[in-house]
2 protein chains.
Amino acid sequence: MAKGKVDRRVQRTRQLLHDALIDLILEKGYDRTTVQDIIDRANVGRSTFYAHYLDKQDLLESGLARLREELGQNLAGDDGAEGAEWMLLPSLALFRHTGQQHHLFRAMIGGTGIDVVVKTIDEALTAHAQALLDQLIAERGQPCVPPRVMVTYLVGALMALLTWWLDNDMPYPPEQMDQTFRELTVSGVAAVFGETQ
Amino acid sequence: MAKGKVDRRVQRTRQLLHDALIDLILEKGYDRTTVQDIIDRANVGRSTFYAHYLDKQDLLESGLARLREELGQNLAGDDGAEGAEWMLLPSLALFRHTGQQHHLFRAMIGGTGIDVVVKTIDEALTAHAQALLDQLIAERGQPCVPPRVMVTYLVGALMALLTWWLDNDMPYPPEQMDQTFRELTVSGVAAVFGETQ
DNA sequence: ATTCATGTCGAACATGCTGTTCAGTAACTA
DNA sequence: TAGTTACTGAACAGCATGTTCGACATGAAT
């Protein structure tokens with residue numbers, strides 16, 4: 001015992017609850033989903049729910065580790081792309097990955113998204129950008145603006161593009177969104193109007 | 001009658017409810033504030049509350065018109081600043097204005113902010129930037145990226161800087177935040193590292 | 001296969017907030 | 001001052017929460 005083995009019944013119950021939550025988020029949104037809904041949908045006893053999770057939020061967060069992991073893997077291979085010298089964020093992979101599961105991601109980070117999910121993705125991207133920026137600083141010296149502010153700027157802009165893109169039914173392909181993001185971040189507004197400055 | 005005059009009692013009640021809501025938002029956050037809290041704090045009867053507003057959200061939104069108006073006035077004079085050719089957003093005025101009432105704005109748009117408030121400010125900034133961008137396009141022709149995406153990018157980045165700044169106790173003066181935002185938007189990441197590109 | 005631990009069920013319960021109703025009372029307007 | 005309008009306060013039904021408990025079912029271990 002104590003061998004890390006989890007009782008089949010426990011696995012089953014947790015799976016049912018997670019699936020029910022995702023279903024309901026897609027159907028009626030996170031906020032309007034109640035614990036009552038979840039246990040009805042999962043066909044699980046009320047007391048069973050509270051034996052596993054503190055509340056709705058706790059259930060959601062227990063599924064976030066998986067999301068983070070999955071996202072991390074999908075985003076990892078995007079760094080070494082050609083001409084990526086100034087690219088501090090895996091934007092192409094992000095657009096592609098979220099676009100593939102756009103129903104889910106739209107429900108989770110679009111419109112009135114789920115705060116804790118947005119925060120999770122935000123933090124992951126921030127950590128990523130911060131690391132690459134540190135590297136860049138080592139190579140090229142300090143930029144003329146506070147690095148932390150720069151990271152906030154980049155992540156904020158990317159998250160805005162992403163949620164807008166999902167909310168508006170992905171009117172451009174991931175490649176174009178990535179391209180646009182790159183041009184704006186690297187060269188700025190002046191350059192996209194054809195200025196050499 | 002029907003002369004636009006509002007009964008003093010009505011004015012009084014609404015003022016009490018609005019004040020109570022703001023108080024409670026600052027004290028315990030919007031989400032944790034209940035209608036019960038509000039009417040207790042305002043010392044107003046339960047039925048009176050529902051005679052004026054549908055629910056907590058309705059009360060909040062009824063106060064948003066004022067915020068929008070006030071914000072609009074404070075932000076209006078920031079456009080014609082020197083060297084503002086590429087500046088599509090009144091960032092300096094925004095940092096100054098929110099910084100002055102940072103307790104309130106932090107509670108409303110920082111950390112776990114209030115969705116509808118964030119959306120209101122976001123929309124106001126978006127409309128502002130969109131208008132200036134149209135003007136710029138008339139002068140200089142089409143940029144090489146979709147204008148709507150550009151607006152989303154700029155507003156998203158600015159909102160990110162603003163919330164970060166408020167959440168972190170305004171570690172830089174408004175002028176520096178504005179300056180940083182300008183440099184990143186206008187010239188991009190490459191330029192802040194001293195590249196001429 | 002039997003045993004024993006553990007998970008689940010389902011019902012009941014106290015609690016708290018919501019939104020509505022209504023008769024009585026107070027305050028404002030004209 | 002008269003008449004309209006707003007507020008009060010209490011009561012009510014509805015619903016979701018989170019807890020508890022004994023009965024039951026299913027798993028793991030020998």
Side-chain angles (χ1 to χ4, degrees), chain A residues 1-64 107 112 114-117, chain B residues 1-64 107 112 114-117:
Chain A
M1 60 186 67
K3 187 108 172 298
K5 283 257 185 164
V6 180
D7 194 311
R8 283 179 202 166
R9 290 167 295 179
V10 173
Q11 293 180 34
R12 188 189 96 102
T13 297
R14 290 189 180 156
Q15 189 63 51
L16 285 170
L17 289 172
H18 276 115
D19 291 349
L21 178 59
I22 297 296
D23 269 18
L24 289 162
I25 287 175
L26 289 170
E27 264 182 49
K28 53 196 291 197
Y30 177 73
D31 288 333
R32 272 187 297 279
T33 298
T34 70
V35 173
Q36 194 66 50
D37 293 330
I38 299 169
I39 62 180
D40 286 350
R41 177 66 58 98
N43 208 26
V44 152
R46 180 166 203 70
S47 46
T48 305
F49 177 93
Y50 287 105
H52 288 278
Y53 306 103
L54 294 171
D55 48 30
K56 188 177 67 165
Q57 165 114 345
D58 192 33
L59 169 60
L60 176 68
E61 284 177 17
S62 81
L64 245 51
T112 300
I114 310 169
D115 226 61
V116 65
V117 176
Chain B
M1 62 184 64
K3 187 109 175 299
K5 282 257 183 167
V6 180
D7 195 312
R8 283 180 203 166
R9 290 167 295 179
V10 173
Q11 292 181 35
R12 189 190 96 102
T13 297
R14 290 189 179 154
Q15 189 62 52
L16 285 170
L17 289 172
H18 276 115
D19 291 349
L21 178 60
I22 297 297
D23 269 18
L24 288 162
I25 286 176
L26 289 169
E27 265 183 48
K28 54 195 294 196
Y30 177 73
D31 289 333
R32 273 188 296 278
T33 298
T34 69
V35 172
Q36 194 65 52
D37 293 331
I38 299 169
I39 62 180
D40 286 349
R41 177 66 58 97
N43 207 26
V44 152
R46 179 165 204 73
S47 46
T48 305
F49 178 94
Y50 287 104
H52 288 276
Y53 305 103
L54 293 171
D55 49 29
K56 189 177 65 165
Q57 166 115 342
D58 191 35
L59 169 60
L60 177 67
E61 283 176 18
S62 81
L64 245 50
T112 300
I114 309 169
D115 227 59
V116 67
V117 176

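- Residue contacts shown for A:Ser47 include a base, since a base heavy atom lies under 4.0 Å away.
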Side-chain donor-acceptor pairs of residues 20-28 of chain A under 3.5 Å, sequence neighbours excluded:
residue	atom	partner	partner atom	Å
A:Glu27	OE1	A:Arg41	NH2	3.1
A:Glu27	OE2	A:Arg41	NH1	2.9
A:Glu27	OE2	A:Arg41	NH2	3.1
A:Lys28	NZ	A:Asp37	OD2	2.9

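- Residues meeting the side-chain hydrogen bond (donor to acceptor under 3.5 Å, both in side chains) test with B:Ser47, sequence neighbours left out: none.
- Contacts of residues 48-56 of chain B with DNA chain D (heavy atom under 4.0 Å): B:Thr48, B:His52.
- For the helix from C:dA1-D:dT30 to C:dA30-D:dT1, the angle separating the two terminal helix axes comes to 40°, with each axis derived from five pairs and the value rounded to 10°.
- Annotation: proximity of residues 36-45 of chain A to DNA chain D (heavy atom, distance under 4.0 Å) is found for A:Gln36, numbered in ascending order.
- Every residue two or more places apart in sequence or in another chain that forms a salt bridge (Lys or Arg N to Asp or Glu O under 4.0 Å) with A:Arg9 is listed here: A:Asp7.
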Between the protein and nucleotides 23-27 of chain C, which nitrogen or oxygen pairs come in under 3.5 angstrom?
residue	atom	partner	partner atom	Å
C:dA27	N3	B:Arg9	NH1	3.0

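- Listed by chain and number, the residues in a side chain to side chain contact (heavy atoms under 4.5 Å, CB included) with B:Gln11 are B:Val6 (sequence neighbours excluded).
- Annotation: side chain to side chain contact (heavy atoms under 4.5 Å, CB included) contacts of A:Asp115 (sequence neighbours excluded): B:Thr112.
- Scanning residues 16-27 of chain B for heavy-atom distances under 4.0 Å to DNA chain D yields an empty list.
- Residue B:Thr13 is in sugar-phosphate contact alone, with no base atom involved, counting any heavy-atom pair closer than 4.0 Å across all strands shown.
- Among residues two or more places apart in sequence or in another chain, the side chain to side chain contact (heavy atoms under 4.5 Å, CB included) test is passed with B:Asp19 by B:Gln15.
- Residues passing the side chain to side chain contact (heavy atoms under 4.5 Å, CB included) test with A:Thr48 are A:Thr13, A:Val44, A:His52, sequence neighbours excluded.
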